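In the text below, chain A, chain B and the rest are named by the order of the sequence lines, each starting its count at 1. Because the structure is predicted, anything quoted here is derived from the model rather than measured.
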Amino acid sequence: MTRELLIFDKGYNAVKNNFTPKMDIERVDFDSILPKSLQRNEEINIPDVPEFEIVRHYVSLAQKNYGVDSGIYPLGSCTMKYNPRINEVTARLPGFLKVHPLQEENEGSIELLYNLGQSLCEICGMDAFTLNPAAGAQGELTGILIIKKYFEMKGIKKDKIIVPDSAHGTNPATSVMAGFSIIEIKSDESGELPLDQLEFAMKGGDVAGLMLTNPNTVGVFDRNIEKITEIVHKYGGLCYYDGANLNPIMGITKPGEMGFDIIHLNLHKTFSTPHGGGGPGAGPVGVKQDLIKYLPCPQIIKNESGLVCVEDEGSSIGRIRSFWGNFGVLVRAYTYILALGKNGIRKAAQNAVLNANYIKTQIQHKYSIPYDRINMHEFLVDAHLPNGVNSEDVAKGLLDRGIHAPTIYFPLIIHEAMLIEPTETENKRELDKFIKALLEIYEEAEKNHEHLKKGPYNTVIGRLDATLAARRPHLRD
Amino acid sequence: MDYVPHDLETIRIMLEKIGVENLDDLYVDIPNNLKIKALNLPEGLPESDLLKNLTELSEKNHIYKTSFLGAGSYYHYIPSLVDSIISQSQFFTSYTPYQAEISQGMLQSIYEYQSAISRLTEMDVTNASMYDCASALAEAATMAFFVTKKKKILLIEGIHPEYIETVQTYCWGRSIEAEIIPLDELDKKITDEIAGVLIQSPNFFGDIEDINQIAKKIRSKSNKCLLIQAMSDPTCLGQLNPPGKIDVDIFVSEGLGMHPSFGGPNLGILSVKKKYMRKMPGRLVGLTKELHGEKEGYVLTLQAREQHIRREKALSNICSNQGLTMIASLVYLISLGKTGLKDVAMQNFQKANHVKQAISQISGYKILNTKPTYNEFMVKCPNIDKLIKMCKDENILPPLRLSHYFPNRKDEILICVTELNSKEDMIKFIHIAKEAAQ
């Protein structure tokens with residue numbers, strides 16, 4: 001078997017690099033600082049590699065990786081839009097990069113956090129935001145813990161959360177982390193939440209809230225949204241908005257207007273901060289007035305003396321991570337909002353919807369679209385192609401054509417799900433290239449499906465054996 | 001400015017293909033009463049104005065010439081190649097490597113990170129999924145619950161106050177009891193009903209604990225209870241006995257090679273013994289081979305633990321893969337290599353010790369640590385306000401007032417000294433300490 005060399009294979013016996021400052025004080029006997037029993041007594045098994053080899057090694061690895069900069073990255077529910085370069089510059093300004101989280105002279109950071117929170121309130125129709133959560137999933141946890149605290153403080157026992165079957169897996173997982181159990185409601189034939197089932201579930205009296213993504217994960221806007229939030233409120237529940245899909249509606253409508261009480265956002269999706277190979281992101285949480293007191297600490301508020309930082313005053317859910325959140329990510333998102341402004345934000349949303357619907361109309365004569373309405377930023381395909389070609393095969397066929405695949409096998413309600421989200425930053429040429437590739441793959445499924453099933457061929461490596469990886473875990477060198 | 005490429009003609013053509021007249025027609029499903037006219041935000045800015053605006057804002061933060069502040073966020077020298085490599089666009093503009101065949105670069109990097117941290121810590125299995133040390137510790141506490149099915153954990157005093165609060169939040173969520181105890185009560189508190197003991201070393205106050213002895217104590221009382229060690233600054237592992245050699249079950253820490261950036265982003269290191277691998281939250285990368293060939297490659301693996309498969313039965317909701325901060329940590333470790341890592345740790349030990357000894361000689365000051373320390377130690381001061389003011393006047397970021405976290409400890413500070421503090425910085429600081437005592 002062959003594999004690429006690891007960085008550990010590129011070590012030398014002699015010391016190669018010299019990064020640390022010159023030792024400028026006299027050393028004392030180390031045993032007098034740290035007793036021998038607490039000292040490391042074996043060599044660290046990390047080689048000394050010359051700087052240039054390290055750079056080459058990782059540049060070569062980067063070249064074996066597909067990013068948004070390589071081409072369309074139509075991962076549904078992930079909003080892989082262009083990452084503006086100015087964001088990278090502002091996040092690295094020395095005044096932001098080198099500021100210590102515990103230093104007192106932090107006026108610039110605090111002002112930025114406050115301004116960003118206010119902008120997000122305006123975009124979402126909320127009254128306050130916490131920027132502390134480090135990721136969407138941590139934002140969800142924060143939001144659901146707020147629901148838990150709300151009922152605990154009121155002395156009301158409600159221990160269930162409603163989650164539609166089309167929801168992201170994080171929704172049920174998060175609810176359980178906050179001590180709730182799940183009621184799953186099956187979406188109807190148009191992909192929306194059936195009101196009668198919602199009302200039936202709420203009538204039980206033990207439901208604390210509903211978690212909903214709107215537009216949902218099949219890419220359609222739930223037309224009954226006002227009725228949905230009204231029903232939940234009627235029975236004393238709270239409505240939680242999973243902001244993974246905010247991109248197509250920002251500047252058009254607001255979750256707060258729809259009746260949601262709590263929302264989390266994924267700044268790495270909607271607000272253009274880099275996905276960074278899966279992180280770091282940021283998952284701010286917004287709430288309506290009544291819930292502000294439950295937000296995690298610390299918070300920034302504005303009073304007569306200006307902006308002040310407040311810790312827990314007894315009703316907060318507590319702290320969810322150290323310090324102020326992923327500040328560097330927040331700087332990028334703030335830069336993006338300032339760049340777009342009120343019109344740019346709306347334009348981004350409209351064009352995300354335009355691009356998704358354009359692709360859909362160009363492939364629907366070949367690909368089955370189970371929820372066929374005017375979609376929002378993404379649409380779902382049921383990829384049952386001729387001769388048993390499935391969504392994984394289509395995905396690999398795309399890779400062979402130098403294009404990243406859409407999200408496959410999510411949402412779970414469609415067997416051969418393929419969720420396509422082009423985002424607003426793709427030009428028509430790139431969309432047409434993607435459309436052409438999908439149509440070619442369809443043709444290949446008809447004429448030469450065996451070839452398709454064994455792909456990809458043009459990538460640095462062929463289709464990998466995931467079963468073997470799980471059966472015999474080999475997780476380190 | 002915006003980043004939408006289409007001109008009006010292109011939009012018209014696309015709308016025509018869709019079969020609608022204008023962009024607003026795409027929003028037929030949104031009830032009209034929910035639609036807004038315009039956002040109450042300013043007009044967008046060109047890039048040059050953005051840069052000016054943000055630069056001015058950033059300059060409202062004061063950046064000191066040198067620092068004696070740590071307390072969970074540390075200044076270390078970061079080799080230039082770290083930022084160069086995390087700025088490779090295919091790294092930072094990619095997502096979680098779902099499509100393995102075009103993501104081998106990120107996948108191999110994660111595998112190398114898993115290996116490098118496991119080598120440094122001598123632990124068996126490491127992932128790159130956690131946000132920071134605080135939430136990684138909270139996930140570790142939850143993990144102890146999943147392993148033992150016991151709903152109580154013990155936190156040993158001396159854990160970073162923000163980590164403790166984070167653990168308490170997560171534990172409250174799952175109704176796990178979290179009790180804080182002093183180390184000397186551990187003996188009588190350990191039973192088979194305890195899921196895990198959480199301890200930090202070096203702890204918040206700088207003390208290096210004898211983890212090996214603590215492990216023996218726990219094992220003598222319970223064969224179930226897990227030992228979980230947290231560490232704020234893993235550079236000490238260049239010289240300190242690693243957790244894998246002292247019977248730690250779960251190790252958590254913070255990433256390397258990143259600037260403080262007001263506290264984030266960073267990375268939570270999570271390393272475990274092999275027997276707990278399947279109870280570990282977060283993404284893992286494994287080596288495998290081609291289905292139709294002989295080449296070896298990497299994929300995301302053991303996904304049956306995770307939320308997108310297990311939903312409400314998942315071990316955690318975590319789905320991030322802290323790719324970029326992971327690469328920063330990896331490149332930092334490899335750039336320094338074993339020689340540099342030992343050197344950095346030694347310099348931190350020696351320089352902090354140098355300042356500690358000097359301060360201890362000044363009348364009025366008292367070193368409060370009785371155990372060995374790494375790059376931080378706590379001191380009782382005769383005139384804390386004067387000391388802090390004098391530091392700032394000399395453009396030195398002063399040590400932490402312990403009263404920030406412990407309101408009663410009004411005259412105590414936590415001093416941090418790293419390899420970045422030059423001899424002159426130390427002389428100046430010691431001089432200030434002397435002056436402040438007058």
* Looking just at side-chain N and O atoms, do A:Asn106 and A:His100 make a donor-acceptor pair shorter than 3.5 Å? -> no
* Sequence neighbours left out, what passes side chain to side chain donor-acceptor pair (under 3.5 Å) with B:Ser87? Give chain and number order. => A:Arg92
* **Toward chain A, the part of B:Asp25 with a non-hydrogen atom under 4.5 Å** => backbone
* For A:Asn351, is it the side chain, the backbone, both or neither that has a heavy atom under 4.5 Å from a heavy atom of chain B? -> side chain
* Against chain B, work out which of A:Gln63, A:Glu140, A:Lys254, A:Arg27 has the most heavy-atom pairs shorter than 4.5 Å and name it. => A:Arg27
* In plain terms, say whether A:Glu43 and B:Lys342 are close enough for a salt bridge, that is, a side-chain N and a carboxylate O under 4.0 Å apart. => yes
* Interface moiety of A:Leu93 toward chain B, non-hydrogen atoms closer than 4.5 Å -> side chain
* Asked: Heavy-atom distance under 4.5 Å to chain A: side chain of B:Leu237, backbone, both or neither?
  -> both
* Measure distances from B:Ile327 to the heavy atoms of chain A and classify the residue's part below 4.5 Å as side chain, backbone, both or neither. => neither
* To do: Select one option (side chain, backbone, both, neither) describing which atoms of B:Pro42 are under 4.5 Å from chain A's heavy atoms.
  => backbone
* Can you tell which part of B:Val4 gets under 4.5 Å to a heavy atom of chain A, answering side chain, backbone, both or neither? => both
* Closest-packed option against chain A by number of heavy-atom pairs under 4.5 Å, given B:Tyr111, B:Phe262, B:Tyr27 -> B:Phe262
* **Heavy-atom donor-acceptor pair, B:Gln350 side chain to B:Met346 backbone, under 3.5 Å** => no
* **A:Ile345, part contacting chain B, at a heavy-atom distance under 4.5 Å** => side chain
* **Lys/Arg N to Asp/Glu carboxylate O, B:Glu290 vs A:Arg463, below 4.0 Å** => no
* So which of B:Ser261, B:Ser422, B:Ser109, B:Ser89 has the largest heavy-atom pair count under 4.5 angstrom toward chain A? -> B:Ser261
* Asked: Can a salt bridge be assigned to the pair B:Asp132 and A:Arg321 using a cut-off of 4.0 Å between side-chain N and carboxylate O?
  -> yes
* Asked: So which of B:Arg174, B:Gln114, B:His62 has the largest heavy-atom pair count under 4.5 angstrom toward chain A?
  -> B:Arg174
* Asked: Is chain B contacted by the side chain of A:Glu88, its backbone, both, or neither, given a heavy-atom distance below 4.5 Å?
  -> side chain
* Asked: What option among A:Glu42, A:Glu257, A:Gln350 has the most heavy-atom pairs under 4.5 Å with chain B?
  -> A:Gln350
* Structure fact -> Applying a strict 4.5 Å limit to non-hydrogen atoms, the region of B:Ile102 in contact with chain A is both
* Quick check, are the ring centers of B:Phe349 and A:Phe30 under 6.0 angstrom apart? -> yes
* Pairs of heavy atoms under 4.5 Å with chain B: top-ranked of A:Gly328, A:Gly344, A:Gly11 -> A:Gly328
* Can you say whether B:Ala116 sits under 4.5 Å from chain A via the side chain, the backbone, both, or neither, judging by heavy atoms? -> both
* Asked: In terms of heavy-atom pairs under 4.5 Å with chain B, which of A:Asn41, A:Asn17, A:Val220, A:Ile320 leads?
  -> A:Ile320
* Structure fact -> Under 4.5 Å to a heavy atom of chain B? For A:Ile182 that would be side chain
* Below 6.0 angstrom between ring centroids: does that apply to A:His168 and A:Phe410? -> yes
* Asked: At a heavy-atom separation under 4.5 Å, does A:Ile225 approach chain B through its side chain, its backbone, both, or neither?
  -> side chain
* Could you give the distance from CD1 (A:Ile461) to CD (B:Gln108), rounded to the nearest 0.5 Å? -> 9.5 Å
* Asked: By a 4.5 Å heavy-atom criterion (distance strictly below it), what part of B:Asn40 contacts chain A: side chain, backbone, both, or neither?
  -> both
* Asked: Given the options B:Lys313, B:Met426, B:His354, B:Gln88, which has more heavy-atom pairs under 4.5 Å with chain A than any of the others?
  -> B:Gln88
* **Aromatic centroids of A:Phe327 and A:Phe96 separated by under 6.0 Å** => yes
* Asked: Without hydrogens or angle criteria, can the side chains of B:Ser135 and B:Thr166 be said to hold a donor-acceptor pair below 3.5 Å?
  -> no
* Are any side-chain N or O atoms of A:Ser70 and backbone N or O atoms of A:Gly67, one a donor and one an acceptor, separated by less than 3.5 Å? -> yes
* Per-residue contact mode, B:Met326 against chain A (heavy atom under 4.5 angstrom) -> neither
* Rounded to the nearest 0.5 Å, how far apart are OG of A:Ser119 and NZ of A:Lys342? -> 13.0 Å
* Relative to chain B, which segment of A:Met258 carries a heavy atom at a distance below 4.5 Å: side chain, backbone, both, or neither? -> both
* **Side chain B:Thr93, main chain A:Val68, donor-acceptor under 3.5 Å** => yes
* Asked: Non-hydrogen atoms of chain A under 4.5 Å away: do they reach the side chain of B:Leu267, the backbone, both or neither?
  -> neither
* B:Lys351 versus chain A, heavy atoms under 4.5 Å apart: side chain, backbone, both or neither? -> both
* Asked: At a heavy-atom separation under 4.5 Å, does B:Gln168 approach chain A through its side chain, its backbone, both, or neither?
  -> neither
* Can you tell which of B:Gly286, B:Ser103, B:Ser320, B:Ala134 has the highest number of heavy-atom pairs within less than 4.5 Å of chain A? -> B:Ser103
* Asked: Any salt bridge between B:Lys60 and A:Glu111, counting N to O under 4.0 Å?
  -> yes
* Looking at A:Val49, A:Leu75, A:Val89, which one has more heavy-atom pairs under 4.5 Å with chain B than the rest? -> A:Leu75
* Asked: Counting distance only, does the side-chain N/O of A:Thr253 pair as donor-acceptor with the main-chain N or O of A:Ile249 below 3.5 Å?
  -> no
* For the candidates A:Asn343, A:Val28, A:Asp48, A:Leu468, which exhibits the highest count of non-hydrogen atom pairs separated by less than 4.5 Å from chain B? -> A:Asp48
* **A:Tyr73 versus chain B, the contacting section by heavy-atom distance below 4.5 Å** => side chain
* Interface residue of largest heavy-atom contact number with chain A, from B:Val28, B:Leu324, B:Ile208, B:Asp29, under 4.5 Å -> B:Asp29
* chain B contact via A:Lys396 - side chain, backbone, both or neither, heavy atoms under 4.5 Å -> side chain
* B:Glu43 versus chain A, the contacting section by heavy-atom distance below 4.5 Å -> both
* Taking the side chain from B:His308 and the backbone from B:Arg310, do they hold a donor-acceptor pair closer than 3.5 Å? -> no
* Asked: So is A:Arg319 actually on top of B:Tyr170's ring, under 6.0 Å and inside 45° of the axis?
  -> no
* **Backbone N/O of A:Gly251 and side chain of A:Arg346: donor-acceptor pair under 3.5 Å** => yes
* **For A:Tyr82, ring pair (Phe, Tyr, Trp, His ring centres under 6.0 Å) partners two or more places apart** => B:Tyr3
* **B:Thr96, part contacting chain A, at a heavy-atom distance under 4.5 Å** => both
* Counting only heavy atoms closer than 4.5 Å, note whether A:Pro21 contacts chain B via side chain, backbone, both or neither. => both
